[in-house]
> 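Encoded as structure tokens, here's the structure I'll be asking about.
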Amino acid sequence: MKSIQTLCALLLFCINLSAQQRPNVIIIYADDLGYGDLGCYGATKIKTPNMDRLAKRGIRFTNGHATSASCTPSRYALMTGVYPWRKTGTGILQGDAALIIPTDKTSLASLFKKSSYQTALVGKWHLGLGNEVQKNWNAEIKPGPNEVGFDYSFIFPATADRVPTVFVENHHVVAADPSDPIQVDYKKKIGNDPTGSENPELLKLKASPNHGHNNTIVNGIGRIGFMTGGTKARWTDEELPLTFLSKSLGFIEENKTKPFFLFYSLTEPHVPRMPSTMFRGKSGLGLRGDAILQIDWTVGQVLNKLQQLGIDNNTMIILTSDNGPVLDDGYEDEAVTALNGHTPWGPLRGGKYSAFEAGTRVPFLVSWPAMIKPGVSDAMVSQLDFIASFASMLKAKVPSDDATDSENLLDALLGKSLQGRKTMVKQGMRTLSVTKGEWKYIEPSNEAAIAVLTNIEMGNSPSAQLYNLKSDIGEKKNLAAEHPEKVKELAELLKQTRSIEK
Ligand code: NG6
Ligand code: CA
């Protein structure tokens with residue numbers, strides 16, 4: 001009798017252990033959310049109680065990074081575990097781009113799928129679709145997310161400011177109508193839809209001068225690129241996030257008894273900022289602030305759903321952003337004029353597109369109530385490391401040719417160790433930097449120091465820059481002249497990292 005009891009106890013222990021080793025995993029990936037945009041990272045002008053709740057029950061990383069200061073390369077790295085600057089064609093993609101994620105390599109999604117997880121992608125994709133730029137949007141569109149490991153995908157192809165402004169569910173445009181075929185062109189006008197440049201009087205959101213965003217008008221907003229057709233398939237910006245939320249909650253509910261991986265890729269606070277009516281004017285900081293309130297509410301909805309289903313304890317949530325913040329990124333939406341002293345970049349210098357810290361250092365929260373003891377970690381971690389870290393958690397093998405830049409930082413991500421990466425390369429637009437311990441070196445570049453359109457300090461300088469991030473997180477004092485040996489060491493390290501064939 002006693003031995004049966006012991007056996008049962010052991011069995012229960014094992015079941016529990018395996019459940020805890022195989023948590024549900026949700027990555028909530030914001031678009032252009034800054035290091036200083038959250039209360040838990042010091043924001044005082046905007047309230048983010050739900051994200052702060054996430055921080056309180058998990059680890060808040062102060063040195064967590066996207067690989068790059070713009071969207072496509074950061075997402076490429078997150079999905080593949082390879083530095084994006086190793087591969088040409090990983091810059092910001094247009095909405096008609098072909099898929100840039102290899103289908104024959106391990107991706108973050110295929111890793112989970114191979115470990116018998118149900119996998120889903122909901123939201124912004126921006127990694128291309130199909131094999132060609134010229135593609136038929138009215139037929140089956142592949143390869144795409146489903147060919148790189150997602151069992152289910154409900155996406156928009158690129159950015160909210162790029163055509164085609166349609167949802168794609170698995171391989172098909174939602175509400176595609178053969179009698180009103182969708183055509184897309186990024187070079188010349190196609191069809192008869194009005195454009196922002198020809199008919200500015202039709203716009204409900206004015207484009208900022210010189211940014212473009214003045215091609216086909218959809219829902220009163222000028223886009224990048226031209227489209228025609230698909231009248232019924234076109235989204236309404238104000239309902240975008242709610243649609244993604246409902247698809248995400250539906251997926252969670254359907255898979256509540258199985259382990260699942262959900263990549264929930266938000267569109268906010270990327271332009272065009274068009275939060276739904278219930279958030280309009282609520283932040284007092286213009287539409288960008290309202291969009292952040294909407295993110296926060298969304299996070300609360302996910303947390304509530306997990307709680308209702310009784311699975312919150314064994315669900316890991318990672319909340320982070322694909323790059324740093326920008327104010328004017330193409331529309332006159334008051335992001336600049338209504339800022340009211342808010343500092344989306346926190347104590348950091350630069351912003352989206354920049355080689356300075358605000359380009360890649362982003363909010364980075366990891367929670368898993370069953371396993372993680374709450375706290376704050378200064379460990380240097382990157383989204384690049386998700387593949388190797390989750391492979392370790394799932395005890396899955398990644399072929400040695402795959403995810404070659406990804407490091408296993410599982411212990412750091414779970415707060416069991418304060419040791420993160422020893423070195424990390426970060427990417428502005430083209431300019432690379434390397435950080436080793438407290439030292440950061442930015443390679444010389446002849447590109448503009450300040451981007452005229454966005455008014456962001458790009459971190460470019462014709463001479464080498466060296467900063468001590470421990471004493472000078474705002475990268476104010478270039479110490480290159482004082483420490484030539486450090487400059488030499490880090491320049492060499494960058495050269496070496498770059499030259500390794502991956
Ligand atoms: C830029 C767009 C910007 C935004 C960005 C992509 C111009 C002048 N600016 O090219 O508005 O769409 O691409 O942002 O066209 S990201 O977060 O997806 O990288
Ligand atoms: Ca982005």
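Any value given below was found using the heavy atoms of this structure, including those in side chains, with hydrogens, waters and symmetry copies removed. Residue numbers count from 1 along this sequence. This one's a predicted model, so the numbers in the text were calculated from it and none came from an experiment. Just so you know, ligand 1 is whichever comes first in the structure, and atom 1 is the first atom listed for that ligand.
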> Which of the atoms of ligand 1 are close to His213, meaning less than 4.0 Å from one of its heavy atoms?
7 (C), 9 (N), 11 (O), 15 (O)
> Going by heavy-atom distance to atom 1 (C) of ligand 1, choose the closest among Lys352, Arg162, His211, Met429.
Arg162
> Quick one: angle Asp32 OD1 - the Ca ion (ligand 2) - Asp322 OD2, to the nearest 10°?
150°
> Pull out every atom of ligand 1 sitting under 4.0 Å from any heavy atom of Ser70, numbered as shown with elements.
19 (O)
> Do me a favour and list the nearest non-hydrogen protein atom to atom 5 (C) of ligand 1 with residue, atom name and distance?
Tyr353 OH, 3.4 Å
> Taking distance alone, with N or O pairs closer than 3.5 Å, would you say Gly330 contacts ligand 1?
no
> At under 4.0 Å between heavy atoms, which part of Lys124 makes contact with ligand 1: side chain, backbone, both or neither?
side chain
> Go through ligand 1 atom by atom and flag the ones less than 4.0 Å from a non-hydrogen atom of Ile224.
15 (O)
> Among the N/O/S atoms of Asp31, select the one at the shortest distance from the Ca ion (ligand 2) and name it.
OD1
> Return the orientation label for the Phe167 and Trp235 ring planes: parallel under 30°, perpendicular over 60°, tilted otherwise.
tilted
> Any N/O of Asp329 closer than 3.5 Å to an N/O of ligand 1?
yes
> Indicate if the distance from the Ca ion (ligand 2) to the nearest N, O or S atom of Asn323 falls below 3.0 Å.
yes
